[in-house]
Amino acid sequence: MTTHAKSMVQDNFLTVTKLRDKLPITLKPLADIAYNYWWCWTNDRVSLFRNIDPEAWDRWQHNPVAMLAFAHPVRLSQLANDPDYIKRVKSVAEQLKRYMEETDTWAAKEAPQISRANPVAYFCAEFGIHESLPIYSGGLGVLAGDHLKSASDLGVPLVAVGLLYRQGYFVQRLSRIGWQEDHYEDNIFEQMPMELMTDASGKPVTVELEIRNRKVKIQVWRVMVGRVALYLLDTDRPDNDQIDRWLTGHLYGGNQDTRIAQEVVLGIGGVRALKALGIEPAVYHMNEGHAAFCTLEAARSEMVKTGKSFYDVEATVRAKSVFTTHTPVPAGHDVFSGDTIESYFSHYWPELKLSEEQFMALGARRLGDPWEPFSMTVLALRMSRTANGVSELHGEVSRKMWHILYPEREVEQVPIGYITNGVHARTWTAPLMGDLYAQYLGEDWSSRVADPEMWAKVDDIPDEEIWWRHQLLKERLIAHTRSQVKQARQQRGEDSYWVNSAEKLLDPNVLTIGFARRFSTYKRGYLLLHDLDRALKILANPDRPVQIIFSGKAHPADEQGKRVLQRLFEWSRKHPDLQNRLVIVENYNMHTGRKLVQGVDVWLNTPRRPLEASGTSGQKVCFNGGINCSVLDGWWCEGYEEGVNGWAIGEDAHTSDQERQDKIDAQSLYRLLEEEIVPLYYDRDANGIPHGWVKRMKGSIKTNAPRFNTDRMIAEYVAKVYQPGLTTNLQAVRASVMV
């Protein structure tokens with residue numbers, strides 16, 4: 001950011017107090033609401049801010065702080081004198097106050113041993129809280145965000161630690177030939193729903209690290225996610241070297257040096273930041289190996305406090321450390337060469353009173369091998385008392401993968417369990433569906449999402465009622481898609497034919513498939529078009545057509561992933577029968593994600609087995625009546641019930657012959673579409689209701705919603721990980737969430 005831009009930002013540096021002072025007296029509570037992301041999962045959530053100025057809401061990328069700060073005074077004055085709007089503001093403000101002050105939470109009753117004085121500290125490299133805080137890239141971050149939201153709802157004493165990226169992940173644009181172009185835009189932290197942590201004198205709270213013989217200062221920002229404080233570490237300070245200011249510049253950007261430096265900031269800097277804030281965690285939860293260095297800093301701190309050696313405090317640190325792995329292939333785990341580790345830690349291992357060999361051994365799979373790289377996952381496993389994968393199958397895969405660390409044990413006895421991921425229902429369920437659940441399942445449905453008996457009442461919902469709501473959500477998705485595609489075509493400078501034709505894309509009466517995830521080759525975004533002729537017969541069938549919406553980014557360094565995306569783009573242009581049936585929505589984010597999971601008929605998931613650790617997008621679909629069609633991998637192995645709630649692609653088998661596997665799975669997908677999915681969707685009664693399809697929708701909801709949610713997931717983490725052996729009533733989570 002330029003000095004001029006920086007000065008302009010400083011002139012508009014906001015805090016909750018400054019924002020409150022800008023607002024008319026009857027609207028002042030909006031400031032407190034805007035600065036706590038609780039608003040994004042409450043009943044009156046988005047509309048409270050959008051109604052101020054819909055165009056400004058979109059222009060400010062759904063950031064309520066910036067929108068309020070720059071709202072036209074006349075409009076604010078109008079709302080400040082609108083009795084109905086004042087009542088809404090007062091009602092939401094009172095809900096927030098009750099929520100924040102509630103003491104009779106699930107955790108208070110079921111896990112009182114976890115205290116707010118010594119909370120769980122949850123470390124992750126990315127957090128997907130909301131699109132207005134773009135410090136996430138995909139599934140890992142969104143899962144982390146949902147983890148915080150349910151921890152807040154259940155009252156689990158938890159704080160979170162992450163990095164605050166000046167430019168976050170990249171902004172995706174497709175060129176005229178469909179090639180992904182990566183752009184970066186500054187996040188203006190000073191105008192976002194976060195506050196810089198300061199000391200008693202008003203100066204920023206900072207901690208210091210040494211990185212490659214340079215002193216680096218880190219400042220700390222706080223984002224409130226309901227009752228949970230998310231602390232984000234930022235090196236973009238004028239007293240840092242220019243290269244160090246960019247350490248927190250990009251998420252998953254740069255080279256190996258940038259990656260290890262970021263992980264030093266997250267792990268070591270994160271522990272120091274918590275200490276500077278007066279927070280002494282009872283548990284360090286590493287969500288993926290990026291944060292594993294936190295165990296070393298916890299050990300160093302314990303050594304300073306007790307005067308003991310590293311090996312004397314190792315057991316103490318291990319007893320406080322837990323680890324969740326999300327990566328089912330060795331190549332996906334961060335490893336660093338000995339030279340890289342030496343350049344970043346030669347000053348640090350003496351502080352642990354370790355030799356270079358002893359330090360390297362902490363991250364070595366094979367002890368004694370001088371060429372063995374340093375693995376962050378190995379460090380996390382060695383320094384944790386418990387480790388888990390994120391689905392039952394992923395737990396099995398992880399035990400096999402890391403058996404080398406436990407040669408004296410059978411594979412089945414490797415100490416890596418599993419807790420299957422879930423999603424935060426109150427974030428991902430469309431309000432239109434939530435209203436339906438309130439009518440038929442009970443007004444308190446959103447506080448009982450883990451209750452299968454409640455979800456069984458879905459059968460009582462009239463078919464026509466659930467169907468028309470689903471159709472409205474699909475129409476909203478199609479309108480959003482047309483708008484996004486038209487805007488993208490205008491930005492590319494395409495001719496008027498292509499720009500105007502965006503308004504004709506898709507048809508709300510056509511079976512609509514959604515495919516949205518990172519464009520990596522193993523996720524096989526191309527599988528539906530593996531046999532193009534057969535795919536065309538399905539998609540362009542004049543009597544029973546099918547349409548598909550793609551969205552997702554390829555990693556900037558993933559040339560093959562970019563080619564998959566380009567191939568889809570080319571097919572959508574060169575084949576007349578696909579021009580209105582195959583659509584790509586650029587720059588996938590949480591906003592587009594909500595539209596997709598709430599509006600599609602079928603969610604398509606086609607990874608190569610067993611490379612999908614869990615996946616959560618398909619779980620979001622279930623809460624909205626969507627139906628999954630997926631390879632039996634990740635969570636779907638546990639969720640799929642034949643003939644009840646969706647479809648399974650291919651065989652539950654593993655093969656190293658990728659071409660053969662692609663052919664088998666593609667043929668299976670075509671057969672499912674031709675013989676089961678398409679006929680079921682278009683089988684209507686005289687009123688146009690597809691009763692067989694709606695039955696499958698209800699099956700998707702009632703079998704998956706009570707299991708694959710983060711309320712259940714958090715309850716399991718408390719009972720199995722945070723407080724192992726604690727007699728916790730997991731079922732009590734059904735009726736203990738106050739929202």
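Note that the structure is a prediction, hence the values are computed from the model and not measured. Heavy atoms only: backbone and side chains are in, while hydrogens, waters and symmetry mates are out.
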Query - Contact list for residues 532-550, test side-chain hydrogen bond (donor to acceptor under 3.5 Å, both in side chains), sequence neighbours left out - result: T512-Q547, R534-Q667, R534-E674
Query raised in the report: Do H575 side-chain atoms and L578 backbone N/O form a donor-acceptor pair below 3.5 Å?
Result: no
Query - Note, L568 side chain near L529 side chain (heavy atom, < 4.5 Å) - result: yes
Query raised in the report: Is there a donor-acceptor contact under 3.5 Å from the side chain of D463 to the main chain of V694?
Result: no
Report summary line: Rounding to 0.5 Å, atoms CG (N624) and CD (Q598) come to a distance of 5.0 Å
Query raised in the report: Under 4.5 Å between any side-chain heavy atoms of Y169 and H555, yes or no?
Result: yes
Using distance only, find each side-chain donor-acceptor pair of residues 325-332 under 3.5 Å and give its atom names and separation, not counting sequence neighbours.
unit_1	atom_1	unit_2	atom_2	d
H326	NE2	N287	OD1	2.7
T327	OG1	E288	OE2	2.7

Query raised in the report: Where do L393 and G634 come nearest, in terms of heavy atoms and distance?
Result: CD2-N, 4.1 Å
Report summary line: On a heavy-atom basis, the closest approach of E586 and A488 is OE2-CB, 3.5 Å
**Report entry** Electrostatic pair E396-K400, nearest N-O below 4.0 angstrom
**Finding:** no
Query - Ring centers of H147, Y122 separated by less than 6.0 Å - result: yes
Report task. Answer yes or no: is there a donor N or O on one side and an acceptor on the other, between the side chain of K620 and the main chain of L596, under 3.5 Å? Result -> no
**Report entry** H290 side, atom NE2; L140 side, atom CG - distance, nearest 0.5 Å
**Finding:** 7.0 Å
Query - Worked check of side chain to side chain contact (heavy atoms under 4.5 Å, CB included) between L672 and S668 - result: CA-CA 6 Å; L672 286 171; S668 173; 4.3 Å; yes
Report task. State, with a plain yes or no, whether a side-chain heavy atom of M697 is found less than 4.5 Å away from one of I627. Result -> yes
Query - Point-to-point distance, once rounded to the nearest 0.5 Å, from OG of S447 to CG of L154 - result: 10.5 Å
Query raised in the report: So, D182 and K562, do they make that salt bridge, N to O below 4.0 Å?
Result: yes
Query raised in the report: Taking D334 for the side chain and M376 for the main chain, is one N or O donor matched with an acceptor at less than 3.5 Å?
Result: no
Query - Atom pair CH2/CZ of W647 and R696 - distance to nearest 0.5 Å - result: 5.0 Å
**Report entry** Any donor-acceptor N or O pair under 3.5 Å, side chains E638, T420
**Finding:** yes
Requested in this report: Heavy atoms only: give me the nearest L528-I548 pair and the separation to one decimal.
Outcome: CD2-CD1, 3.6 Å
Query - T616 side-chain N/O to G422 backbone N/O, donor-acceptor pair under 3.5 Å - result: no
Report task. Go through the steps to decide whether Y526 and R524 satisfy the test side chain to side chain contact (heavy atoms under 4.5 Å, CB included), and finish with yes or no. Result -> CA-CA 5 Å; Y526 55 81; R524 299 190 297 182; 3.5 Å; yes
Report task. Please work out whether the ring planes of H591 and H62 are parallel, tilted or perpendicular, with thresholds of 30° and 60°. Result -> perpendicular
Report summary line: Heavy-atom closest pair (L174 atom, L565 atom, distance to 0.1 Å) is CD2-CD2, 3.8 Å
Query raised in the report: What are the two closest non-hydrogen atoms of P508 and Y681, and how far apart are they?
Result: O-OH, 4.4 Å
Query - Test item: N704 side-chain N/O and Q619 main-chain N/O as donor-acceptor pair under 3.5 Å - result: no
Query - Qualifying residue, where the test is salt bridge (Lys or Arg N to Asp or Glu O under 4.0 Å) with D665 and the options are R671, R608, R609 - result: R609
Query raised in the report: Would Q172 and Q180 count as having a side-chain donor-acceptor pair, cut-off 3.5 Å?
Result: yes
Query raised in the report: Where the side chain of S483 meets the backbone of A479, is there a donor-acceptor pair that is under 3.5 Å apart?
Result: no
Query raised in the report: Can any side-chain N or O of R581 pair as donor or acceptor with the backbone N or O of A540 at less than 3.5 Å?
Result: no
Requested in this report: With rounding to the nearest 0.5 Å, note down the distance linking CH2 in W402 to OG1 in T377.
Outcome: 5.0 Å
Requested in this report: Write down the atom of R399, the atom of V414, and the distance for their closest heavy-atom approach.
Outcome: CD-O, 3.4 Å
Requested in this report: Using only heavy-atom distances, determine whether the side chains of T592 and H480 contain a donor-acceptor pair under 3.5 Å.
Outcome: yes
**Report entry** E659, CD: over 12 other non-hydrogen atoms inside 6.0 angstrom
**Finding:** no
**Report entry** Main-chain N/O of E181 paired with R173 side-chain donor or acceptor, under 3.5 Å
**Finding:** no
Report task. Inspect the surroundings of CD in E676 and state if more than 12 heavy atoms from other residues, nucleotides or ligands are less than 6.0 Å away. Result -> yes
Report task. Could you tell me whether a side-chain N or O of R518 sits under 3.5 Å from a main-chain N or O of K523, the two making a donor and an acceptor? Result -> no
Query raised in the report: Are the aromatic ring centres of H530 and Y670 under 6.0 angstrom apart?
Result: no
Query raised in the report: How about W693 and H470: are their ring centres within less than 6.0 Å of each other?
Result: no
Query raised in the report: Can V583 and S572 be said to form a side chain to side chain contact (heavy atoms under 4.5 Å, CB included), step by step?
Result: CA-CA 7 Å; V583 182; S572 73; over 6 Å; no
Requested in this report: Using the side chain to side chain contact (heavy atoms under 4.5 Å, CB included) rule, take R426 and S150 through it: C-alpha gap first, then chi angles, then the decisive distance, then the call.
Outcome: CA-CA 9 Å; R426 291 168 289 284; S150 271; 4.1 Å; yes
Requested in this report: Keeping to residues at least two apart or across chains, list the ring pair (Phe, Tyr, Trp, His ring centres under 6.0 Å) pairs with something in residues 617-639.
Outcome: W455-F623, W635-F708, W636-Y640
Report task. Indicate yes or no: at least one non-hydrogen side-chain atom of V546 is less than 4.5 angstrom from one of V602. Result -> no
Query raised in the report: In terms of side-chain heavy atoms, does Y252 have a donor or acceptor partner in E126 at a distance below 3.5 Å?
Result: yes
Query raised in the report: Going by atom types alone, do T429 and Y437 pair a side-chain donor with an acceptor below 3.5 Å?
Result: no
**Report entry** Close side-chain approach of P134 and N589, heavy atoms under 4.5 Å
**Finding:** no
Query raised in the report: Are side-chain heavy atoms of W41 and V225 found at a separation under 4.5 Å?
Result: yes
Query raised in the report: Where do K457 and D451 land on the salt bridge (charged side-chain N to carboxylate O under 4.0 Å, His left out) test, with the steps shown first?
Result: CA-CA 11 Å; K457 297 178 183 177; D451 183 356; over 6 Å; no
Query raised in the report: So, do C637 and L632 sit near enough that their side-chain heavy atoms are less than 4.5 Å apart?
Result: yes
Query raised in the report: Atom NZ of K504 and atom CG of N580: how far apart are they, to the nearest 0.5 Å?
Result: 8.0 Å
**Report entry** Between T703 and N645, a side-chain donor and acceptor under 3.5 Å
**Finding:** yes
Query - D435 and R469 ion-paired at < 4.0 Å - result: yes
Query raised in the report: Are any non-hydrogen side-chain atoms of I649 and C629 less than 4.5 angstrom apart?
Result: yes
Query raised in the report: Cation-pi between K553 and F170: NZ/CZ under 6.0 Å from ring centre and within 45° of the ring axis?
Result: yes
